[in-house]
Number of protein chains: 2
Amino acid sequence: MPPDLQLNRFLPYRLNILSKKVSLALATRYQERFGLSIPEWRVFATLGQEQPLSSNDIVERTAMDKAKVSRAVNRLVAAGLLDRQPHPRDQRLLRLSFSHKGRDLYAQVAPEALAWEGQLLSVLTDAERAQLWALMEKLEQRVAQEIPESVPLSDSLD
Amino acid sequence: MPPDLQLNRFLPYRLNILSKKVSLALATRYQERFGLSIPEWRVFATLGQEQPLSSNDIVERTAMDKAKVSRAVNRLVAAGLLDRQPHPRDQRLLRLSFSHKGRDLYAQVAPEALAWEGQLLSVLTDAERAQLWALMEKLEQRVAQEIPESVPLSDSLD
DNA sequence: GTTTTATCGTTTCAAATGAAACGTTATAAG
DNA sequence: CTTATAACGTTTCATTTGAAACGATAAAAC
């Protein structure tokens, strides 16, 4: 008698596919319109939250690999979107922040991202949205217990 | 005035991190215990649902790249877990199914995967689980509308 | 029947990835 | 002070990746 593992009712599987579809749909937009790759967008959006940040701050906030963050930051700096200063008190740290151009771009990108998310969430009622956050929160806390600390959240794990 | 994009309340971002954590936690287990990589597990579990399947069937069911499926299938065949036969009526198609060894392994892996999922979901009530499925279903249908057809769901989109 | 056209799975190749090594700077221990 | 240890970000290098080209088969058009 085969074990009853219904893949389309298996949370890791469904979560992966949903996450992929959402990322793909969004990525297509900011890729085409703003020329940002996914890692670049992640770094950029993170700096939109708080500035300045070190590379390591971004690693912690995004669960990205530090090599990937390093490369994304380099591209964003090269594109003139970020300023990269050495930290005055700790020479090991970078002090990353938006350039003027970066700030302008963020002012364009962020509202679009929010609007897009709004369209996506428009299929849910307010109550359902609240539920969704609560459920995801619970699951994330639960699963965090199972992950051995210091294991990086690699991008290929999907 | 900066746009109010709160990243930790931004669905694509949170979904990505949750999905990564879940995949990582689960992958660590079947990697260590059964020697299966993530793509291999995906293919393997898909065949647990229905047999025989062609490679293309698996591509459709898992949203994986066909090159990745091809490589995962090769490794599983080499490991003696799958049988690969040519389809009698269409020589282009493969007829993939479990070998005896594969069936035995599945009988071990599937219950563990289910038990693990059960632990994860144990933080939710039955009603909450039902909600979760319903919400994910709605979101997936909504986002599917935005994805141009025939765009593959690459694994690097996270 | 012959010639397109499409489909399936593999292979190729350039790009992306991430673990580990590295150089540099800071902190802790002696 | 000096030495050992740790933290930060970059770079290296082997692996993984997926888009495109490919060979082989089947279906469609003529």
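Computation of the quantities below employed the complete heavy-atom set of this structure, encompassing side-chain atoms and omitting hydrogens, waters and symmetry-equivalent molecules. Sequence lines set the chain letters: A, B, ... in the order given, protein chains first and strands last, and positions in each chain run from 1.
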* Asked: Would you say the side chain of A/Arg92 and the base of C/dG23 hold a donor-acceptor pair, judged only by whether the two atoms sit under 3.5 Å apart?
  -> no
* Asked: Relative to the 5' end of DNA chain C, which residue comes earlier, B/Ala67 or B/Glu60, by the nucleotide with the nearest heavy atom?
  -> B/Glu60
* **For atom CG of A/Leu93 and atom C1' of D/dG9, their distance in whole Å** => 9 Å
* Would you indicate, yes or no, if D/dT10 has its OP1 or OP2 atom less than 4.0 angstrom from a side-chain nitrogen or oxygen of A/Arg84? => yes
* **Nucleotide D/dC8, atom P - distance to NE2 of A/His87 in whole Å** => 12 Å
* Atom pair distance, as rounded to whole Å: CG in B/Asn56 and C1' in D/dT25 -> 14 Å
* Does A/Gln131 reach the main-chain N or O of B/Gln131 with its side chain, forming a donor-acceptor pair under 3.5 Å? -> no
* Asked: Within the modelled atom types, does a donor on one side and an acceptor on the other bring the side chain of A/Arg71 and the base of D/dG9 under 3.5 Å apart?
  -> no
* **d(CZ, B/Arg42; P, D/dT16) in whole Å** => 16 Å
* Is the closest basic N to carboxylate O distance between A/Glu112 and A/Arg29 below 4.0 Å? -> no
* Structure fact -> Of C/dC8, D/dG9, C/dT10, the nucleotide closest to the side chain of B/Leu94 is C/dT10
* Structure fact -> Here the distance between atom P of C/dG9 and atom CZ of B/Arg95, to the nearest Å, is 13 Å
* What is the distance from CG of A/Asp65 to P of C/dA16, rounded to the nearest Å? -> 15 Å
* Length of the CG-C1' vector between A/Asn74 and C/dT17, whole Å -> 16 Å
* **N/O (side chain, B/Ser70) to phosphate O (OP1/OP2, C/dG9) under 4.0 Å** => no
* Sequence neighbours left out, what pairs pass side chain to side chain donor-acceptor pair (under 3.5 Å) with at least one residue falling in residues 69-79 of chain B? => B/Glu40-B/Arg75, B/Asn74-B/Arg84
* Of the listed nucleotides C/dT25, C/dG18, C/dG9, the one nearest the side chain of A/Gln91 -> C/dT25
* Select one nucleotide: of C/dA26, C/dG9, C/dT11, the one nearest the side-chain heavy atoms of A/Asp90. => C/dA26
* Is it true that the side chains of A/Asn16 and A/Ser19 contain a donor and an acceptor less than 3.5 Å apart? -> no
* Structure fact -> Rounded to whole Å, NZ of A/Lys66 lies from P of D/dT12 at a distance of 15 Å
* Asked: What residues form a ring-ring contact (aromatic ring centres under 6.0 Å, His included) with B/Tyr30, not counting sequence neighbours?
  -> B/Trp41
